[in-house]
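Only one structure is covered here, and it is reproduced in the block below.
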Number of protein chains: 2
Amino acid sequence: MESENKNISSDSWSERMLKVVQWCNSYDLPGSPKAVCKAFVIDGKQVGILLPDVIEQLKKYPDVFHMVTNSNNQVEKICLASQLKTYEERTEKVNKVLEEFRDQNLFPVALKGWRHENYFVRTSFQEQPLMEMERAATSLFGTIQYGVHINGYCVDPDKGMCMWLARRSQTKQTYPGMLDNVAAGGLPAAGVKIKDCMLNECLEEACIPESIAKKAIPAGTISYCFVNERGISPEVEFVYDLQLPLEFQPQVGDGEVSNFYFYTIQEVKEKLVSGDFKPNSALVTLNFIIRKGLIHPDSEPYYQSFMEGMHRIMKF
Amino acid sequence: MESENKNISSDSWSERMLKVVQWCNSYDLPGSPKAVCKAFVIDGKQVGILLPDVIEQLKKYPDVFHMVTNSNNQVEKICLASQLKTYEERTEKVNKVLEEFRDQNLFPVALKGWRHENYFVRTSFQEQPLMEMERAATSLFGTIQYGVHINGYCVDPDKGMCMWLARRSQTKQTYPGMLDNVAAGGLPAAGVKIKDCMLNECLEEACIPESIAKKAIPAGTISYCFVNERGISPEVEFVYDLQLPLEFQPQVGDGEVSNFYFYTIQEVKEKLVSGDFKPNSALVTLNFIIRKGLIHPDSEPYYQSFMEGMHRIMKF
């Protein structure tokens, strides 16, 4: 994803789009804290990535977190204490530590968003979860977050391919007021099927009834890993494409969204690079536009860079 | 892409499909020669990967290949001699060495397929090529090969989504007699546009006229890196989807194909894991099936592993 080609103008759409793609992959780019991060390990398997300031706090809980050091007494990895053998014990002990962090006002940017909603902790999607963790804390542990994003589109007889985009409510804890996919949400640790999560988000966020939403087509995933003030976020989003009837209009539902807009693909492309779009949702939308053949590899110099930037391999 | 989940039967479709995906990514899996490979560098930029037995032969041409060694006199990387400053000089000198290899019957598995057809050598698709190299030799240097694959499909009123597959001719140097996409080919170093390459392959291999083939839609890329008896093959394939008219039948053209078959998606899925399918073309087809929503993430445990295995990040 380097941007070395001197023939591409720095303010071109391609360069600006590449910057959004790079934002989503900041953990893997030069200047990231990757080199000073350590593995978070449960039962011999890496499930997350820890920043030094998080490690310092975890050291205060030696009955929960075991620091594995090298011969120079430097921490090499952090293992969940081996006496915590069950899913329930791990979940209880770790979340108790996290509640103490929150009550001590540690890591406020991440933990002010405490949601009372747990995410699974696991090495990969097909593996059995090893514990669950408060969603707001997952970026402190760099565990993989899974979600669902829905591309809502229409084929307009005059305008061609068009998309419905949402404007996030100003009261959202993350990315308030920014453009987003028509509906999206995280996969909770409650055994909810991906399709049911998709149906729920469509109904709750955009008032899309199940009779319409059930026609959405799963079209793959996107994956990436970014670092920001909340911590490290390796994320996998299951992507659905939903062709909405021409006469249908999404409606504000649970208050997560303030507005919906109907844009042509040209307008969507401009919004993607405007700085006004939630970056990972921009990546979902870019993936849709590429899959639909609306970007051509002969005319887009970063075509392959875009593909690579939306498909990180989720190995630790 | 690990296969650890004990709940998935080892002879299930999922496990067998995962094995094909892993075959395409063998360079990145345990047991690969990755640890003993060295970088091939031109003008300070890595453009390939060299196996030890290739490095041994390159040492005999010190005016072309410069061995960079560490303090223990071990080779750390191989740089093209800095006095070879132009594209033309590099191309000429390296291909002269390769002709000597061929004439000495070195690396016969790779070089018996000498094609008198050059590929570009470059760090990534958007960069200027630094030289070009005989196609049959690229796997000896582990340079990235770019190609085009076309998914030919129909929506049959009775059978639903169906695909046209090709049976490769028994006289093909690689993967003779195996199933393949309806048309495919490498991108030659002759400034051919990707779309024109697609149109050519459709016409030459499957007698699909331009009037039909021009409706093909670019739908992204797949990327992977495998090691086999020819060497190391990091490959990026530009993927096109072509909906063929129901009454249209591909015809054997230039003799690369012996036969065409019309299969339902269920039949295609069975063929993908039969051992009878060229592996990278199976990956293109799997990518198509996923993008078309014909595999569901709730019922396919390796859904994310499949996604990752078809989108290698082409960094050295």
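The figures that follow rest on heavy atoms only: side chains count, while hydrogens, waters and symmetry mates do not. Lettering of chains follows the sequences in order, A, B, ..., and the numbering in each one begins at 1.
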Inspect the surroundings of CD in B:Glu210 and state if more than 12 heavy atoms from other residues, nucleotides or ligands are less than 6.0 Å away.
-> no
With rounding to the nearest 0.5 Å, note down the distance linking CE in A:Met307 to OG in B:Ser223.
-> 7.5 Å
For B:Pro218, the option from A:Arg291, A:Lys292, A:His296, A:Glu300 that meets side-chain contact (heavy atoms from CB on, under 4.5 Å) = A:His296
Counting only heavy atoms not in A:Lys77, do more than 12 fall under 6.0 Å of its NZ?
-> no
Turns out that what part of A:Tyr240 lies under 4.5 Å from chain B's heavy atoms comes down to side chain
In terms of heavy-atom pairs under 4.5 Å, which option from B:Asp241, B:Asp298, B:Val239, B:Ile217 contacts chain A the most?
-> B:Asp298
Contact part of B:Met310 toward chain A, heavy-atom cut-off under 4.5 Å: side chain, backbone, both or neither?
-> neither
For chain B, which of A:Tyr146, A:Phe125, A:Phe238 has the most heavy-atom pairs under 4.5 Å?
-> A:Phe238
Of the non-hydrogen atoms in A:Ile313 and B:Arg312, which two are nearest, and what is the gap between them?
-> CD1-CA, 4.0 Å
Sort B:Thr221 into side chain, backbone, both or neither according to what part of it lies under 4.5 angstrom from a heavy atom of chain A.
-> both
Here the gap from A:Ile144 atom CD1 to B:Gln304 atom CD, rounded to the nearest 0.5 Å, amounts to 8.0 Å
Relative to chain B, which segment of A:Ile295 carries a heavy atom at a distance below 4.5 Å: side chain, backbone, both, or neither?
-> backbone
